[in-house]
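Each chain gets a letter, A, B and so on, in the order the sequences are listed, and its residues count up from 1.
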There are 2 protein chains.
Amino acid sequence: MSLSHIELPADMSAPDAGGCLATREILDRIGDKWSLYIVAMLANGPWRFNELKRGIDGISQRMLTLTLRGLERDGLVTRTMYPTIPPRVDYELTDMGRTLLKPVMALVNWANENQVAIAEAHKRFDDEPEPDQVLIQGVVYQRR
Amino acid sequence: MSLSHIELPADMSAPDAGGCLATREILDRIGDKWSLYIVAMLANGPWRFNELKRGIDGISQRMLTLTLRGLERDGLVTRTMYPTIPPRVDYELTDMGRTLLKPVMALVNWANENQVAIAEAHKRFDDEPEPDQVLIQGVVYQRR
DNA sequence: CCGTATCCCCGAGGATACTG
DNA sequence: CAGTATCCTCGGGGATACGG
């Protein structure tokens, strides 16, 4: 599916050949469990490795390293090593990384603004009892 | 970590007690592999189950069902069943779902606009050879 | 057509220990 | 401090078959 042509229903059913699936790969990356949090935290960067680790609740050292490498590879984050003892490494958003900030924060803000409404929707959905019978084409089906 | 207070570094290291982690749960959901695609496709909704299935490349019946249920539970999508034969079910964004559209599409558009730059960054990153020695505090370390 | 129920696999990711 | 390396688990998600 080509999200770039989402406004063209005809395009939806086409097999996803060509460069269109690059969009998906990118969304899969920046939409993954940790990238959004790292990018959001680097909004106030630069931060050192362990500052990021402490700041992002629940992230393991391994995943922080891997995700930072991915973001660096994407050209979204720079890694600056200071050859001091003990070593110090700063991570910072690149210019492209900063352009990502706006849509990311829009999503974060949406989540903040709607968390109460979503919690209420959950309650409504979960409390709703199953109907003990349904009517289809004038035929009654009893729940078992 | 509370993304709602991302602009407050002091808040970063606080343990994530309280309702703050709701934001994370929401982002984990709408940022998952399929939700963004479904929401994006429903921008031009309503769509029937199999239309969605055909439109979203690679999604299995199971994951389409599960993700739609999740979105319905979140109050983002409505499920309308027409008791005809064969049965027909339409999925459509709710008002809240439509408010999500704006930040989601912003992200999608960002991915589209930057896919070339990211591909170039990958090339640069991957082509860069490892240095065969590094200098730390005047001391040379040879690569092994 | 629109699902649910089962089985099963594979790899994302945590825990732990070790290095420059 | 800022990472690798290794092991291991646990559940996301595909494939398949069946039901209303």
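- Listed for the B:Thr67 side chain is no donor-acceptor partner under 3.5 Å among the backbone atoms of B:Ser35.
- When each of C:dG20, D:dG14, C:dC1 is scored by its nearest atom to the side-chain atoms of A:Pro87, the top-ranked nucleotide is C:dG20.
- Note: CD1 (A:Ile85) to P (C:dT19) measures 18 Å, nearest angstrom.
- Remark: B:Arg48 is in phosphate contact with C:dC2, judged by side-chain N or O atoms under 4.0 Å from OP1 or OP2.
- Counting only distance, with no hydrogens or angles, the side chain of B:Thr78 and the backbone of B:Thr94 share no donor-acceptor pair below 3.5 Å.
- Between the C1' atom of D:dG13 and the CG atom of B:Asp32 lies a distance of 11 Å, rounded to the nearest Å.
- Phosphate contact (OP1/OP2 of D:dA2, side-chain N/O of A:Arg79, threshold under 4.0 Å): absent.
- Summarising the geometry, the separation between CG on B:Asp57 and P on D:dG14 is reported as 12 Å, rounded to the nearest angstrom.
- Straight-line distance from the CD atom of B:Glu51 to the C1' atom of C:dC1: 12 Å, rounded to whole Å.
- Cluster membership for B:Leu66 and B:Ile30, using ILVMFWY side-chain heavy atoms within less than 4.5 angstrom, is shared.
- Distance alone, capped at 3.5 Å, places no donor-acceptor pair between the B:Trp34 side chain and the B:Leu64 backbone.
- Distance B:Met81 CE to C:dC1 C1': 10 Å, rounded to the nearest Å.
- Put simply, NZ on A:Lys53 is 12 Å from P on D:dA2, counting in whole angstrom units.
- Between B:Asp95 and B:Arg98, at least one side-chain nitrogen of the basic residue sits less than 4.0 Å from a carboxylate oxygen of the acidic one, meeting the salt-bridge criterion.
- One finds a salt bridge joining A:Arg88 and A:Asp90 here, because a Lys/Arg side-chain nitrogen approaches an Asp/Glu carboxylate oxygen to under 4.0 Å.
- A heavy-atom distance below 4.0 Å to DNA chain D is reached by these residues of residues 59-75 of chain A, ordered by number: A:Gln61, A:Thr65, A:Arg69.
- Of the possible donor and acceptor atoms, one in the side chain of B:Glu51 sits under 3.5 Å from a partner among the backbone N and O of B:Arg48.
- Within 4.0 Å (heavy atoms only), B:Tyr91 reaches sugar-phosphate atoms of the nucleic acid but no base atom.
- Among C:dG3, D:dG14, D:dG3, the nucleotide with an atom closest to any side-chain atom of A:Phe49 is D:dG3.
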